[in-house]
Amino acid sequence: MRRFYWWTTTKVLKIRARPSNAHLDKLHANWIREKEKPPEKIDAERWQQAFDNYQDAVGQLFKPFRKGEVVPEGYLGADFRLLLTPHRPNYIYYPEMTDVIMPFDIPMSMAVSERIAEILRRFGAEEQAVQLIPVPVYEETTGLYLGRFYLVHYLLRVSGVIVLGEGLETVRIEVAGSAVPDAPLFRVQDVEARTKPEEVVREDVRAALEGAGITGCRFVPIVRVR
């Protein structure tokens, strides 16, 4: 039986970005405007409504991705991008760029660099397990283009048990041997849906990614195949 690893982001080198297009940007700006008012002028109801409007629009745009099916090419639109945003969290400065970005608010756990995408393709991941959706990445405050990344949309999903420890850190992922596919990576859905899904990669894929010196993620040997 092959070994598998939990694929997650680092705790220190963690870059986050929000989904962006003309409509989402307008709603996001309304929310931030309400959020950043002086404390004595914040209207909690208006703040919550502005936040809900933004979240609802993001949820509607990404609704097809929650089904685990192939999304048509170009579905997100020509103006879609990811923005490194200073608002969540409040960056004093933008951190050093890594090969993995954690998107806010959307059902994908990570966006990956060109070189990670190339390794995943080499192992046949696009044919067997994921859809890699190209998106441009920019800094929100400067407008600086940072490169093309790929949203990792998991098509291959298996049921399992995800156990959380202190601080909600995943400490164990259990998958039945009969459910483990012969694929380079897959997403584990908790059988009781109490925790968010987790990504799992095969040992040879992990070795290739680490051998390439990628940054911004880690591979933890907590996956148990029963």
Side-chain angles (χ1 to χ4, degrees), residues 1-9 17 19 61-78 80-82 98-103 106-137 146-162 170 173-191 193 195-226:
M1 179 68 70
R2 291 180 181 267
R3 291 194 66 186
F4 295 89
Y5 291 76
W6 174 38
W7 184 11
T8 186
T9 55
L61 178 62
F62 281 88
K63 188 175 181 180
F65 291 88
R66 300 184 184 280
K67 300 177 182 179
E69 300 173 355
V70 173
V71 176
E73 183 177 352
Y75 165 78
L76 290 174
F80 183 85
R81 56 189 181 168
L82 291 177
T98 62
D99 287 289
V100 171
I101 293 174
M102 288 186 66
I106 66 178
M108 274 76 82
S109 297
M110 60 180 73
V112 299
S113 67
E114 292 267 13
R115 61 178 185 156
I116 290 183
E118 180 56 36
I119 292 171
L120 295 181
R121 291 191 186 100
R122 191 196 316 158
F123 281 91
E126 279 193 304
E127 292 79 17
Q128 303 178 60
V130 300
Q131 183 179 3
L132 298 174
I133 302 169
V135 295
V137 178
L146 300 173
R148 181 169 64 175
F149 274 61
Y150 294 82
L151 293 172
V152 183
H153 172 40
Y154 279 82
L155 307 175
L156 183 55
R157 308 177 182 197
V158 303
S159 295
V161 176
I162 300 171
T170 297
I173 299 173
E174 296 182 359
V175 184
S178 59
V180 174
D182 185 23
L185 72 169
F186 52 90
R187 170 174 272 194
V188 176
Q189 310 275 150
D190 188 82
V191 292
T195 66
K196 67 181 181 67
E198 297 290 12
E199 285 67 50
V200 169
V201 297
R202 211 168 55 200
E203 183 174 26
D204 52 344
V205 182
R206 174 204 62 83
L209 291 169
E210 289 189 334
I214 62 170
T215 57
C217 62
R218 57 195 170 112
F219 302 93
V220 188
I222 60 171
V223 182
R224 298 182 182 179
V225 179
R226 295 180 279 105

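Scope of the values below: all heavy atoms of this structure, side chains included, with no hydrogens, waters or symmetry mates.
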| message | What I'd like to find out is whether the side chain of Val180 reaches to under 4.5 Å of the side chain of Val158, using heavy atoms alone. | response | no
| query | Is the shortest heavy-atom distance from the side chain of Arg81 to the side chain of Val135 under 4.5 Å? | reply | no
| Below 4.5 Å, heavy atoms only, C-beta onward: do Glu203 and Phe4 meet side chain to side chain? | no
| request: Could you go through the side chain to side chain donor-acceptor pair (under 3.5 Å) check for Thr170 and Glu198 one step at a time? | output: CA-CA 9 Å; Thr170 297; Glu198 297 290 12; 2.6 Å; yes
| request: Report yes if some heavy atom in the side chain of Val191 is under 4.5 Å from a heavy atom in the side chain of Gln189; otherwise report no. | output: no
| Between Gln131 (side chain) and Val71 (backbone), is there a donor-acceptor pair under 3.5 Å? | yes
| Spacing of Ile119 atom CD1 and Glu114 atom CD [to the nearest 0.5 Å] | 12.0 Å
| From Met108 CE over to Ile101 CD1, what is the distance, rounded to the nearest 0.5 angstrom? | 13.0 Å
| query | If you look at every heavy atom in Pro181 and Leu156, which pair is closest and at what distance? | reply | CG-CD2, 3.5 Å
| Expected output: side-chain His153 to main-chain Arg66 donor-acceptor under 3.5 Å | no
| Side chains of Arg226 and Glu174: does their closest heavy-atom pair fall under 4.5 Å? | yes
| message | Within this structure, what is the OG1-CD1 distance for the pair Thr215 and Ile116, rounded to the nearest 0.5 Å? | response | 7.5 Å
| request: Using a strict cut-off of less than 4.0 Å between a Lys/Arg side-chain nitrogen and an Asp/Glu carboxylate oxygen, indicate whether Asp182 and Arg202 qualify as a salt bridge. | output: yes
| Between the side chains of Arg187 and Ser109, does any donor sit under 3.5 Å from an acceptor? | yes
| request: Under the side chain to side chain contact (heavy atoms under 4.5 Å, CB included) rule, what do Leu132 and Leu120 come out as? Steps first, then yes or no, please. | output: CA-CA 9 Å; Leu132 298 174; Leu120 295 181; 4.2 Å; yes
| remark: Heavy-atom closest pair (Gly177 atom, Val225 atom, distance to 0.1 Å) is CA-CG1, 3.5 Å
| message | Contact between Asp204 and Phe123 at the side-chain level, heavy atoms closer than 4.5 Å - yes or no? | response | yes
| message | Checking Asp99 against Arg115 for the side chain to side chain contact (heavy atoms under 4.5 Å, CB included) test, could you report, in this order, the C-alpha distance in whole Å, the side-chain angles of both residues, the deciding distance, and whether it holds? | response | CA-CA 8 Å; Asp99 287 289; Arg115 61 178 185 156; 2.8 Å; yes
| field | Residue pair Leu76, Leu151: steps toward the side chain to side chain contact (heavy atoms under 4.5 Å, CB included) verdict | value | CA-CA 11 Å; Leu76 290 174; Leu151 293 172; 4.0 Å; yes
| Tyr150 six-ring face occupied by Arg121 cation (under 6.0 Å, within 45°) | yes
| task | Can you see which heavy atom on Ile106 is nearest to which on Pro103, and at what distance? | result | CD1-CB, 3.4 Å
| request: For residues Val205 and Leu185, determine if any side-chain heavy atom of one lies less than 4.5 Å from a side-chain heavy atom of the other. | output: no
| task | Work out which heavy atom in Gly68 is nearest to a heavy atom in Arg157; give both atom names and the distance. | result | CA-NH2, 3.3 Å
| task | May I ask you to establish whether Arg206 and Phe219 are in a cation-pi arrangement, using a distance under 6.0 Å from NZ or CZ to the six-membered ring centre and at most 45° from the ring axis? | result | no
| said: Tell me if the centroids of the rings in Phe80 and Tyr75 come within less than 6.0 Å of each other. | reply: no
| query | What are the two closest non-hydrogen atoms of Pro64 and Leu61, and how far apart are they? | reply | CD-O, 3.6 Å
| task | Any chance you could lay out the side chain to side chain contact (heavy atoms under 4.5 Å, CB included) test for Arg218 and Tyr5, step after step, and finish with the verdict? | result | CA-CA 9 Å; Arg218 57 195 170 112; Tyr5 291 76; over 6 Å; no
| note | Closest non-hydrogen atoms of Ile162 and Asp190, given as atom of the first, atom of the second and distance, are N-OD1, 2.9 Å
| query | Would a 4.5 Å heavy-atom cut-off, applied to side chains only, mark Glu199 and Thr8 as touching? | reply | no
| Does a salt bridge link Glu118 with Arg122, judged by any charged N lying under 4.0 Å from a carboxylate O? | no
